[in-house]
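These numbers come from the heavy atoms of this one structure, side chains and all, not from hydrogens, waters or symmetry mates. Throughout, protein chains are lettered first and strands after them, A, B, ... in sequence-line order, and every chain is numbered starting at 1. Quick caveat: nothing in here was measured; it's all calculated off a predicted structure.
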2 protein chains.
Amino acid sequence: LSSGMFVHVRQMLHHMACADVAFLLESSPTKTRMVLWQMVDHDQQGEILEELPEDVKDSLISQMSAESLASATAGMDTDDLAYILRSLPDSVYQEVLQSMDTQDRHRVEQALSYPDDTAGSLMNTDTVAIRPDISVDVILRYLRIRGELPEATDTLYVVDKRDKLLGGVAITTLLTCDPNITIKKLMNQELEAIPVDMEDSKVSMLFERHDWVSAPVIDNDGKLLGRITIDDVVDVIREDAEHSMLSMAGMEDDVDTFGPVFKSTLRRSLWLTVNLFAALLAASVSSMFEGTLEQFATIAILMTIVPSMGGVAGNQTLALVIRGLALGHIGDSNARWLIGKELAIGFLNGLIWALLIFVVVWLWKGEVSFAILISGAMLVNLTVAGLAGAAIPLLLKKLNIDPALAGGMALTTITDVIGLFAFLGLATLVLL
Amino acid sequence: LSSGMFVHVRQMLHHMACADVAFLLESSPTKTRMVLWQMVDHDQQGEILEELPEDVKDSLISQMSAESLASATAGMDTDDLAYILRSLPDSVYQEVLQSMDTQDRHRVEQALSYPDDTAGSLMNTDTVAIRPDISVDVILRYLRIRGELPEATDTLYVVDKRDKLLGGVAITTLLTCDPNITIKKLMNQELEAIPVDMEDSKVSMLFERHDWVSAPVIDNDGKLLGRITIDDVVDVIREDAEHSMLSMAGMEDDVDTFGPVFKSTLRRSLWLTVNLFAALLAASVSSMFEGTLEQFATIAILMTIVPSMGGVAGNQTLALVIRGLALGHIGDSNARWLIGKELAIGFLNGLIWALLIFVVVWLWKGEVSFAILISGAMLVNLTVAGLAGAAIPLLLKKLNIDPALAGGMALTTITDVIGLFAFLGLATLVLL
């Protein structure tokens with residue numbers, strides 16, 4: 001690319017599948033990405049935008065003019081289009097809306113009215129709805145006249161005159177059943193529908209549990225509004241998983257691994273600020289024992305061990321509990337039981353590691369007093385780590401704070417402070 | 001349940017969907033889970049087992065007799081059945097195989113021959129294959145005689161006489177096209193097929209990128225072996241994500257959040273063992289500076305701050321790079337560039353935080369010398385943290401070690417050792 005073979009690259013891009021171009025853009029540094037984007041065919045741009053993660057999409061959209069955006073978004077799914085419009089500045093937004101025909105504009109304005117992170121924002125309006133009182137034969141003739149069906153259509157939805165959802169008929173059933181039967185007799189009346197205001201993480205849980213390919217979306221009156229397809233759900237699952245992982249390391253999701261250095265540095269500073277306060281808090285705990293420290297260099301050397309072990313043990317519990325909360329396995333009914341269990345594991349861990357560190361320090365330093373005080377502190381800190389690792393995410397969840405984001409820092413602060421306090425406090429008692 | 005209303009609970013379980021029973025079992029403590037499992041209808045057990053995560057499944061299977069296993073597994077998908085058989089002790093395994101009819105046994109033995117974690121282990125053999133030279137009309141009549149199609153069938157596969165895959169026809173196309181056309185003219189010849197030995201994480205990447213509902217699996221000669229459906233792929237995506245998250249906290253995946261205390265404690269001990277060695281290594285770095293420490297209690301108090309900041313900064317980089325590797329965004333072509341970028345962020349971070357800690361320590365301790373040495377150490381450590389956070393996972397990947405599992409510990413050890421070494425080394429130079 002750097003050697004200037006633009007024509008060649010443009011041709012290559014032209015022949016690649018949109019999903020592959022999106023993947024290439026996502027894996028490129030910012031500058032290369034912009035150059036590549038300029039070379040993409042205009043009628044491919046819409047489909048490629050659909051495939052990109054939010055952060056990368058935003059950076060590309062911000063570089064485009066209103067006209068090219070309007071043409072790029074022409075054939076898009078409603079949910080993706082609504083996403084893009086949501087992220088535009090107001091003036092461009094209006095221009096893009098103006099350039100659409102009335103039907104499309106209405107459809108998009110409807111989609112924009114659903115809050116982000118609900119079933120409505122994942123929904124497409126490309127459902128094929130049929131009436132209950134006609135025969136399969138008529139439906140088959142209708143479909144032949146209608147032509148191509150929307151992607152990932154596995155079910156036709158049966159509605160009454162007021163668009164109320166009555167049930168569904170699988171496409172495979174249409175192919176294998178007797179053509180003279182009426183839809184009413186054939187349809188699955190127990191078809192589960194998704195309320196339009198359901199949270200998107202709940203939607204993905206239902207899809208996973210029931211192995212759905214698509215599911216209908218209804219409003220409060222049971223009226224069919226659209227459908228959600230598995231490809232959008234897979235994105236939600238992936239995003240939720242990444243969110244947990246990244247926020248445990250103190251970062252927002254949708255961080256662009258290949259974004260510019262300066263922006264990346266700024267984005268990571270919040271967590272480091274919080275950690276600095278936590279570390280200073282821990283240091284000020286040590287400073288309460290300044291008298292003890294001056295006399296015993298050994299203590300200074302050993303004192304990092306107990307907090308560090310507590311941090312690791314607590315984070316293990318934390319990761320499990322956060323996953324359990326994310327999957328919906330942990331609720332009010334078993335929360336107390338789980339805290340008890342983790343406290344027990346913490347205590348058991350504490351006994352094991354206290355014994356081990358006792359032997360190690362005794363052999364290393366040759367003084368039994370150091371060994372006793374470090375193992376005592378270890379027992380206290382690992383027990384507290386188990387308790388805190390389970391209780392913190394549950395508490396944060398109750399307070400409506402994301403446990404994956406704030407949990408790790410809260411936990412490390414507690415295990416550092418308790419660890420230092422127990423170790424240095426015992427040292428003051430035993431040695432002075 | 002504890003009040004002994006067994007009949008009532010049994011009836012409730014009978015009326016619940018299998019997926020919901022599985023969810024209930026997964027969210028229950030071990031004892032309750034065993035009691036509930038006894039109450040589940042025998043003909044539902046197979047379907048429920050299919051829905052459970054591996055750890056829970058294993059614990060239930062180990063309690064079942066060969067006969068009840070054979071009857072429970074009767075109607076299962078090939079891939080799930082193969083999984084269960086794989087985890088059985090040899091004697092039970094043979095008994096279960098004996099109890100099947102010849103065709104089923106052959107099918108399962110075939111499935112068992114594919115290694116775990118490849119496309120073969122995800123594959124089902126329930127494909128519907130057709131010939132290229134017949135008309136749509138004939139196919140439609142055939143399907144009507146055949147009756148029900150396998151779940152999540154969205155494509156019929158076109159094969160030649162030797163079962164070689166030629167292409168595919170979407171079911172929706174069959175419904176909307178002219179019935180007199182031949183399959184040959186209709187079929188999608190560019191249908192991408194999955195080689196049976198492809199890694200399962202690659203399979204999930206392809207499904208995500210192309211929004212597939214199902215995809216055909218072929219052997220080395222292009223012969224159609226079966227198909228993979230999106231529901232199994234969603235499980236792979238979920239498992240991979242959980243694996244990353246849990247192994248960053250030093251735990252195996254398939255850890256059962258509700259398993260027994262003692263087993264859980266043992267499982268978590270490996271990581272704590274490693275961490276203890278890391279902490280002792282850090283402590284032995286401090287002990288090299290024992291002379292310095294004895295004279296300056298302040299140093300002992302401040303010395304935990306630099307390693308702690310390095311740990312957080314490095315883990316942020318680590319999480320991003322591990323995600324990038326998992327999504328396939330990072331390869332040989334951009335690895336060097338990424339290391340450079342993370343090094344730059346590390347240095348920039350180092351400057352910012354060195355300045356900040358300089359001011360804080362100066363104000364707190366009133367001596368400029370302490371402030372200088374802690375900010376110098378901070379700059380060094382955060383730069384190293386950026387470099388290590390990017391380089392460690394890439395290096396581990398090259399060595400075929402899972403970066404999510406070993407990365408965090410390797411990183412923390414490096415940032416602890418470098419942090420202490422820089423801080424105490426500078427202290428020795430500046431203050432003595």
Taking every heavy-atom pair that is under 4.5 Å apart, which of B/Ala170, B/Pro179, B/Ala22 has the most such pairs with chain A? B/Pro179
Please identify, among A/Leu175, A/Leu149, A/Leu143, the residue contributing the most non-hydrogen atom pairs under 4.5 Å to chain B. A/Leu175
Between B/Arg238, B/His210, B/Arg146, which residue shows the highest count of heavy-atom pairs closer than 4.5 Å to chain A? B/Arg238
Side chain, backbone, both or neither: which part of B/Asp211 has an atom under 4.5 Å from a heavy atom of chain A? both
Output yes when a side-chain donor or acceptor of B/Arg144 lies under 3.5 Å from a complementary backbone atom of A/Cys177, and no otherwise. yes
Rounded to the nearest 0.5 Å, what separates atom CG in B/Leu174 from atom OG1 in A/Thr172? 12.0 Å
Would you mind reporting whether B/Val234 and A/Ile230 have side-chain heavy atoms less than 4.5 Å apart? yes
Nearest heavy-atom neighbours spanning B/Ala152 and A/Val213: CB-CG2, 4.4 Å
Could you grab the distance from atom CD of B/Glu208 to atom CG of A/Asp231, nearest 0.5 Å is fine? 10.5 Å
Heavy-atom donor-acceptor pair, A/Arg209 side chain to B/Asp20 backbone, under 3.5 Å: no
Please check if atom CD in B/Glu148 has more than 12 non-hydrogen atoms from other residues, nucleotides or ligands closer than 6.0 Å. no
